[in-house]
Amino acid sequence: MAQIEFERQEHEAKMRKMEEEMQQVFTQKVMEKEHKLRESEADLQRRHEQMMTQLEKQQHDLDEKRRQFEQDKGEFQAQQRRYQQEQEAQQAQKAQHGKNDKAKTHKRGIFA
């Protein structure tokens, strides 16, 4: 009987030891996974911040290009208006000279 009791106690001790070891392994694995999770979260946060910074820079560049485009567009339109006005003035001047030339030819008549 004593042998059976001894073996039972030995078996229980062995089982407690295995349970403690399993608990330690479990705790270690949980800690490792939590550490990996924190690293992943930190990495995601860094990537998010980088992407936001990059997006803000792209937005700024786009705004600058849009501003430059609008400025260039305004200058081009102003230049086109000046060119159009010059063309109209030249046409008006040619038309005026044409009237003066016709008037001179009519005045000359047959005796000129």
**Request:** Output all residues satisfying side-chain hydrogen bond (donor to acceptor under 3.5 Å, both in side chains) with Gln93, sequence neighbours left out; order by chain, then residue number.
**Result:** none
**Request:** Could you list the residues that satisfy side-chain contact (heavy atoms from CB on, under 4.5 Å) with Glu86, not counting sequence neighbours?
**Result:** none
**Item:** Set of side-chain hydrogen bond (donor to acceptor under 3.5 Å, both in side chains) partners for His35, sequence neighbours left out
**Value:** Glu39
**Fill in**
Rounded to the nearest 0.5 angstrom, the CE-NE2 distance for Met18 and His11 is 9.0 Å
**Fill in**
Sequence neighbours excluded, the answer for side-chain contact (heavy atoms from CB on, under 4.5 Å) partners of Glu34 is Val30, Arg38
**Message:** A quick test of your reading: do over 12 heavy atoms of other residues, nucleotides or ligands sit less than 6.0 Å from CG of Leu62?
**Reply:** yes
**Prompt:** Taking NZ, NE, NH1 and NH2 as the nitrogens, is one of them in Lys57 or Asp61 under 4.0 Å from a carboxylate oxygen of the other?
**Reply:** yes
Only pairs under 3.5 Å count here: list side-chain donor-acceptor contacts from residues 40-50, not counting sequence neighbours, and write none if there are none.
unit_1 : atom_1 : unit_2 : atom_2 : d
Ser40  : OG     : Lys36  : O      : 3.1
Gln45  : NE2    : Glu49  : OE2    : 3.0

Quick one: side chains of residues 73-84, donor-acceptor pairs under 3.5 Å with protein atoms, not counting sequence neighbours, listed by atom name and distance.
unit_1 : atom_1 : unit_2 : atom_2 : d
Glu75  : OE2    : Gln71  : NE2    : 3.3
Tyr83  : OH     : Gln87  : NE2    : 3.4
Gln84  : NE2    : Glu88  : OE2    : 3.4

**Request:** Mind checking side-chain contact (heavy atoms from CB on, under 4.5 Å) for Glu5 and listing every partner two or more places apart, or none if nothing turns up?
**Result:** Arg8, Gln9
**Item:** Pairwise distance CE(Met22) to CE(Met15) - rounded to 0.5 angstrom
**Value:** 8.5 Å
**Message:** Under the rule for side-chain hydrogen bond (donor to acceptor under 3.5 Å, both in side chains), what residues qualify as partners of Gln3, not counting sequence neighbours?
**Reply:** Glu7
**Item:** Contacts of Glu20 that satisfy salt bridge (charged side-chain N to carboxylate O under 4.0 Å, His left out) - sequence neighbours left out
**Value:** none
**Message:** List the residues meeting side-chain hydrogen bond (donor to acceptor under 3.5 Å, both in side chains) with Gln68, not counting sequence neighbours, and say none if there are none.
**Reply:** Asp72
**Item:** Partner set under side-chain contact (heavy atoms from CB on, under 4.5 Å) for Gln58, not counting sequence neighbours
**Value:** Gln54, Leu55
